[in-house]
Amino acid sequence: MTNLAVDICGLRMKNPTMLASGVLDETGKSMLVVAKAGAGAIVTKSIGKEPRVGHSGPTIVELPQALLNAMGLPNPGIEAYAAEIAEAKTAEVPIIGSVFGGSEQEIAELAKNMQEAGVEAVELNLSCPHAKGYGAEIGSTPEMVETICRAVKETVTIPVFAKLTPNTSSIVSLAKAAEKGGADAVVAINTLKGMVISPEAKMPVLGNRYGGLSGPAIRPIGVRCVYEIYEAVSIPVIGVGGISTGREAVEYLMAGAKAVQIGTAIWKEGPEVFGKICREIQDFMDEFGYTKLSEMTGVAHHGRT
Amino acid sequence: MRFKEPLIATAGQFVMVWVPGVDEFPMSVSYTGDRCGITYQIIGEGTKALAYKKPGEKIGLRGPYGKGFSIRGKKLLFVGGGVGMAPLAPLVEMAAAKGASVDLVLGAKTRGDLLFESRSAVAGARVHLSTDDGSIGFKGLATELAQIVVGKQSYDCMYACGPEKMLAKLLTIATEKGIPMQASLERIIKCGIGICDSCAIDGKHVCRDGPVFSEGDLRRFTELGKSKLDAAGRKIPI
């Protein structure tokens, strides 16, 4: 009998799929819908100290194999969001609170607020590519990543996940820095910074001009990043980027991920994609004789010379 | 405003309208068929900029998105409040063309705000007017007039769009009378494709599951007529 359960830093998940931050997670009820559809854990919208409306539109460009978005970290602020977390917690899957801030002190304080709101782990958004002064702008150097992770670890007792940006010359050094700073796991990758221009309008389409690319097109980059990070750190890696089938989730697991996150797949398939991916992982394991996920973790590294 | 680009949309669906350099916002289609179109009221920077556009100038469009209305039955009641009449107008035309008996309760604050009165009458609808100030037709709310109209004959389905408090009241009326109902809801729509959660109502998404919802969903919505999300995702009263 195959078993999809996984324990990641003490978070017990019935399967390795998590809702990625930023998708259907602004309200407690939507997070409940995603949990009901089969997600093993939920990562919240990235939350800041104050309410924030985000960027002007367009905030999304649909591409054949990808989405480019610049939502601009809209969120109701940590104080109001606590009620949404309380509602999401009734789903009885682990809730991971994503936070963004402009300094290590601000991020640590938000992480503490998240812990008080009852989340089981906190994910640090060190990687949003389209919000001035936040995300990737403060998470692009190993020094900052280490400093922030350390500040958060000194403040909270729950596990700390560092979500890293691929928009750097070496995501591996960011992962090493997160581990050095005490992070309990790393999440890779956030979106890739990109731009789409409308020739007719003679300007970038997104209100923010720049956005983050997600979806099937970026999966090989995500898999490569996870593969490299797995060899460089000993803390768990959570893989994210372009997963919409069980086979694609298995790619990440074999690259070394202990769990995966899914977001953009909801665009084409709705929240039901979680149940579908889990069934497909199960089918794959049955076909190839795996009984638990750990038998697949990192196997793509074997036999390297 | 009508579009030259072909766009196959059904009544109740919406498009995301991009005014380059200003903003992008959702608009229900008010004309379907060969020359799809929208009808807008100037409420913010985006619609203001749209109003300055001249014929032949370019704007961006994506869509159509969402689920529209579907015609159910032969005796149909429509209730349009203010600019809420825009998505109903093409449906009134289609229903009348199909030979349905169409009653339209059309309400607005004042006479000058009534939308598509003659368009609906030309299509063959019996139009019942209401204005808050009594400048024409019934003096009072569209819901009060609708209550009178549903007392006179039976209907197979009620179609509504307008202020959400009006929709909530109409839902009560439809439920009392046992009339199926379809209503188009409005929320802040940012992505339009069911991922960003800005248009959430009780775990459903206006951009993808709606904007048109049937009575089953409408009755289940605890937020209907009571609260909605602002642009930052805060719950605010309606």
Side-chain angles (χ1 to χ4, degrees), chain A residues 20 22-36 44-45 47-48 50-62 67 69-77 79-81 83-84 87 198-207 214-215 263-271, chain B residues 4-5 15-27 44-47 49-50 53 56-63 65 67 187-209 217 220-223 227-236:
Chain A
V23 178
L24 296 193
D25 50 7
E26 195 162 83
T27 60
K29 286 200 177 78
S30 293
M31 290 188 270
L32 282 177
V33 167
V34 175
K36 213 170 175 183
T44 71
K45 203 113 184 153
I47 304 298
E50 303 294 333
R52 185 180 154 98
V53 297
H55 296 315
S56 61
T59 55
I60 285 266
V61 183
E62 292 175 78
L67 286 179
N69 94 83
M71 300 305 302
L73 299 173
N75 80 95
E79 207 182 315
Y81 196 71
E84 308 303 326
E87 187 155 28
S198 162
E200 294 82 9
K202 299 181 279 189
M203 64 172 77
V205 175
L206 291 172
S214 64
T264 303
I266 292 175
W267 164 38
K268 295 275 174 147
E269 306 193 44
Chain B
K4 276 189 185 157
E5 281 293 309
V15 290
M16 294 299 289
V17 179
W18 174 38
V19 184
V22 184
D23 205 355
E24 187 193 48
F25 44 88
M27 292 292 315
E45 288 304 311
T47 41
L50 190 62
K53 292 282 169 194
E57 274 193 78
K58 298 264 186 207
I59 56 168
L61 283 181
R62 58 188 178 100
Y65 294 118
K67 295 196 173 70
R187 284 292 182 276
I188 291 175
I189 290 175
K190 291 183 179 177
C191 78
I193 56 174
I195 60 167
C196 82
D197 216 18
S198 74
C199 66
I201 173 166
D202 288 282
K204 293 268 182 183
H205 296 91
V206 169
C207 75
R208 184 185 188 122
D209 304 310
D217 278 327
R220 208 178 47 80
F221 289 154
T222 59
E223 296 166 33
S227 65
K228 60 180 180 177
L229 300 179
D230 71 5
R234 282 172 295 193
K235 253 182 206 128
I236 53 168

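Excluded from the calculations below are hydrogen atoms, water molecules and symmetry mates; all remaining heavy atoms, backbone and side chain alike, are included.
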Is any side-chain heavy atom of K29(A) closer than 4.5 Å to a side-chain heavy atom of T222(B)?
-> yes
Partners meeting salt bridge (Lys or Arg N to Asp or Glu O under 4.0 Å) with E62(A) (sequence neighbours left out) = R62(B)
Between G233(B) and E26(A) the two heavy atoms that sit nearest each other are CA-OE1, 3.3 Å
Would you indicate whether the side-chain heavy atoms of D197(B) and M31(A) approach each other to under 4.5 Å?
-> no
Atom CG in L229(B), atom OG1 in T27(A): separation rounded to 0.5 Å?
-> 6.5 Å
Here the pair of heavy atoms bringing S30(A) nearest to H205(B) is OG-NE2, 3.0 Å
Locate the shortest heavy-atom distance separating G57(A) from D23(B); write the atom from each residue and the value.
-> N-OD1, 2.6 Å
Under 4.5 Å to a heavy atom of chain A? For V19(B) that would be neither
Which answer fits L73(A), side chain, backbone, both or neither, if we ask what part of it has an atom under 4.5 Å from a heavy atom of chain B?
-> neither
Determine the option with the most heavy-atom pairs under 4.5 angstrom with chain B, choosing from T59(A), L32(A), T264(A).
-> T59(A)
Which answer fits P204(A), side chain, backbone, both or neither, if we ask what part of it has an atom under 4.5 Å from a heavy atom of chain B?
-> backbone
Correct closest heavy-atom pair for E24(B) and P58(A) would be OE1-CA, 3.3 Å
Does K53(B) NZ have over 12 foreign heavy atoms under 6.0 Å away?
-> yes
Counting heavy-atom pairs under 4.5 angstrom with chain B, the leader among R52(A), K268(A), K202(A) is R52(A)
Go through A200(B), G46(B), C196(B) and name the one with the most non-hydrogen pairs under 4.5 angstrom from chain A.
-> C196(B)
So which part of D25(A) gets closer than 4.5 Å to some heavy atom of chain B, the side chain, the backbone, both or neither?
-> backbone
With only heavy atoms counted, which part of V34(A) is less than 4.5 Å from chain B, the side chain, the backbone, both or neither?
-> neither
Enter the distance from M71(A):CE to I195(B):CD1 here, rounded to the nearest 0.5 Å.
-> 7.5 Å
Tell me, out of K204(B), K235(B), K190(B), E45(B), who's got the most heavy-atom pairs with chain A below 4.5 Å.
-> K190(B)
Quick one: what part of E57(B) sits under 4.5 Å from any heavy atom of chain A, side chain, backbone, both or neither?
-> neither
Heavy-atom proximity to chain B below 4.5 Å, by part of V23(A) | both
Return the minimal non-hydrogen interatomic distance between W267(A) and R208(B), and the atom names on each side.
-> O-NH1, 2.9 Å
Closest contact, heavy atoms only, I60(A) versus C191(B) = CG1-CB, 3.5 Å
State which residues pass side-chain contact (heavy atoms from CB on, under 4.5 Å) with A20(A); sequence neighbours excluded, sorted by chain then number.
-> V240(A), Q261(A)
